[in-house]
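Take a look at the structure set out below.
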Amino acid sequence: MTSEATISTSRTRIQKPGYRDYYWLRSFVAGGVASCCAKTTIAPLDRIKILLQAQNIHYRHLGVLATVFAVRQKEGILGLYKGNGAMMVRIFPYGAIQFMAFDKYKKLISKKIGKSEHIHRLMAGSMAGITAVIFTYPLDMVRARLAFQVKGEHRYNGIIHAFKIIYTKEGGLPGFYRGLIPTVVGMAPYAGFSFFTFETLKTTGLKHVPELLGKPSRDNPDVLVLKTHASLLCGGVAGAIAQTISIIIAILWTLPDGVCS
């Protein structure tokens with residue numbers, strides 16, 4: 001999610017040599033690194049979520065905090081990070097693809113449709129999220145399988161072994177895409193509203209309180225970028241709003257016919 005806003009349009013923007021040529025590479029690396037840092041930070045909670053959602057027999061009767069302590073006692077502190085290696089293998093290309101695709105889709109939609117900026121953000125965000133999911137879904141499946149395992153009951157010995165078992169015993173390549181449709185259904189609103197909210201908060205903040213939230217870009221002093229604390233705040237709010245909307249949509253999706261009528 002880019003965090004840039006023009007300070008002045010009266011001056012000619014001066015960019016460092018090669019800036020445009022390597023923008024795609026910068027976007028790819030920035031998206032991948034940012035995603036890896038974020039997912040590693042919340043990896044313990046992600047493992048707990050998988051154990052409780054899938055009703056692991058050892059932890060299904062416990063709450064979140066109780067499960068954290070139980071996993072630490074049974075599997076050690078590293079048990080909270082089980083599956084994070086596969087997550088890193090997946091999340092770097094996922095974040096990089098999503099980050100790059102958002103900019104590409106937004107420009108494409110702007111040229112083809114010409115609607116408001118808000119529609120561009122929402123549509124481009126959803127399309128970028130779906131694109132990233134499709135490309136990295138097999139890695140996500142392997143990550144979830146590894147995270148669900150508990151000490152002493154391992155079916156998979158690592159990422160490569162998990163790929164071999166799923167491929168040979170679950171129907172080859174299609175076996176890696178089980179559950180793709182509901183994942184895409186959930187990702188479309190989440191990614192769309194996440195990018196939409198972040199970009200809207202960023203633009204609004206830099207427009208109304210640039211001294212508080214913005215700082216000059218290193219590449220171009222005529223462009224404002226969000227300060228670190230402002231970027232974290234906007235990202236956190238955007239993620240919370242997007243996740244809430246996705247959960248509401250998921251609940252409505254699963255309700256029996258006639259309940260909402």
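These numbers were taken from a predicted model, which means no experiment stands behind them. When reading the values below, keep in mind they use all heavy atoms of this one structure, side chains included, and skip hydrogens, waters and symmetry mates.
Both Leu80 and Tyr59 are part of a single hydrophobic cluster, where members link through side-chain heavy atoms under 4.5 Å apart. Cluster membership check: Val33 shares its hydrophobic cluster with Met100, using side-chain heavy-atom separations under 4.5 Å among Ile, Leu, Val, Met, Phe, Trp and Tyr. Hydrophobic clustering (side-chain heavy atoms under 4.5 Å, transitive across Ile, Leu, Val, Met, Phe, Trp, Tyr) groups Tyr167 together with Ile165. At a threshold of 4.5 Å between side-chain heavy atoms, the hydrophobic network of Ile, Leu, Val, Met, Phe, Trp and Tyr places Val71 and Phe69 in two separate groups. Transitive grouping of hydrophobic side chains (ILVMFWY, heavy atoms separated by less than 4.5 Å) brings Val64 and Ile77 into a common cluster.
Heavy atoms only, all atoms of each residue included: Val142 and Ala162 are closest at CG1-CB, 3.8 Å. The two residues Leu51 and Ala147 have their closest heavy-atom pair at CD2-O, 3.8 Å. For the residue pair Ser126 and Ala188, the shortest heavy atom distance occurs at OG-O, 2.7 Å. Of all non-hydrogen atoms in Leu173 and Tyr177, the two that sit nearest each other are O-CD1, 3.7 Å. In plain terms, the two heavy atoms of Val225 and Ser217 that are nearest each other are CG1-CB, 3.9 Å. Between Leu224 and Pro210, the closest heavy-atom pair is CD1-CB, 3.6 Å.
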### Task
Could you check His120 against Glu199 for side-chain contact (heavy atoms from CB on, under 4.5 Å), going step by step and ending with a plain yes or no?
CA-CA 11 Å; His120 297 166; Glu199 291 287 311; over 6 Å; no
Practice item. Could you give me the CA-CA distance, side-chain angles and deciding distance for Asp46 and Lys49, then say whether side-chain contact (heavy atoms from CB on, under 4.5 Å) is met? Key: CA-CA 5 Å; Asp46 197 48; Lys49 180 194 73 173; 3.3 Å; yes
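When side chains are defined from C-beta on, Leu226 does not count as touching Leu232, because their heavy atoms never get closer than 4.5 Å. Using a 4.5 Å heavy-atom cutoff, the side chains of Tyr156 and His161 are in contact. The side-chain heavy atoms of Val68 and Arg72, taken from C-beta on, include no pair separated by under 4.5 Å. Put simply, the side chain of Lys39 does not reach to within 4.5 Å of the side chain of Tyr94, judged on heavy atoms. Residues Leu213 and Lys227 are not in side-chain contact: their nearest non-hydrogen atoms beyond the backbone lie 4.5 Å or more apart. In this structure, the side chains of Phe198 and Ser231 come closer than 4.5 Å at one or more pairs of heavy atoms.
Applying the ring-ring contact (aromatic ring centres under 6.0 Å, His included) criterion to Tyr81, with sequence neighbours excluded, gives no partner residue.
Taken from CE in Met141 to CZ in Phe163, the straight-line distance is 10.0 Å, to the nearest 0.5 Å. Rounding to the nearest 0.5 Å gives a distance of 11.5 Å between CG of Asp103 and CD of Gln98. With rounding to the nearest 0.5 Å, the separation of NE2 in His58 from NZ in Lys74 is 5.0 Å. Considering OG1 of Thr40 and CG of Asn84, their distance stands at 4.5 Å, rounded to 0.5 Å. Rounded to the nearest 0.5 angstrom, Ile159 CD1 and Arg90 CZ are separated by 12.5 Å. Atom NZ of Lys106 is separated from atom CG of Leu108 by 13.0 Å, given to the nearest 0.5 angstrom.
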Side-chain polar contacts of residues 233-246 - donor-acceptor pairs under 3.5 angstrom, sequence neighbours left out - could you list them?
| residue | atom | partner | partner atom | Å |
| --- | --- | --- | --- | --- |
| Thr244 | OG1 | Ala240 | O | 2.8 |
| Ser246 | OG | Tyr190 | N | 3.2 |
| Ser246 | OG | Ala242 | O | 2.9 |

Which atom pairs, one a donor and one an acceptor, fall under 3.5 Å between side chains of residues 127-140 and the rest of the protein, sequence neighbours left out?
| residue | atom | partner | partner atom | Å |
| --- | --- | --- | --- | --- |
| Thr131 | OG1 | Tyr105 | OH | 2.8 |
| Thr131 | OG1 | Met127 | O | 2.8 |
| Thr136 | OG1 | Ala132 | O | 2.7 |
| Tyr137 | OH | Arg178 | O | 2.5 |
| Tyr137 | OH | Gly179 | O | 3.2 |
| Asp140 | OD1 | Arg143 | NE | 3.4 |
| Asp140 | OD1 | Arg143 | NH2 | 2.6 |

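Here the side chain of Thr67 pairs a donor or acceptor atom with the backbone of Gly63 at under 3.5 angstrom. In this structure, the side chain of Thr41 engages the main chain of Cys37 through a donor-acceptor pair within 3.5 Å. Without hydrogens or angle criteria, Arg121 side chain to Phe195 main chain gives no donor-acceptor distance under 3.5 Å.
Within 6.0 Å of CD1 in Ile42 there are more than 12 heavy atoms belonging to other residues, nucleotides or ligands.
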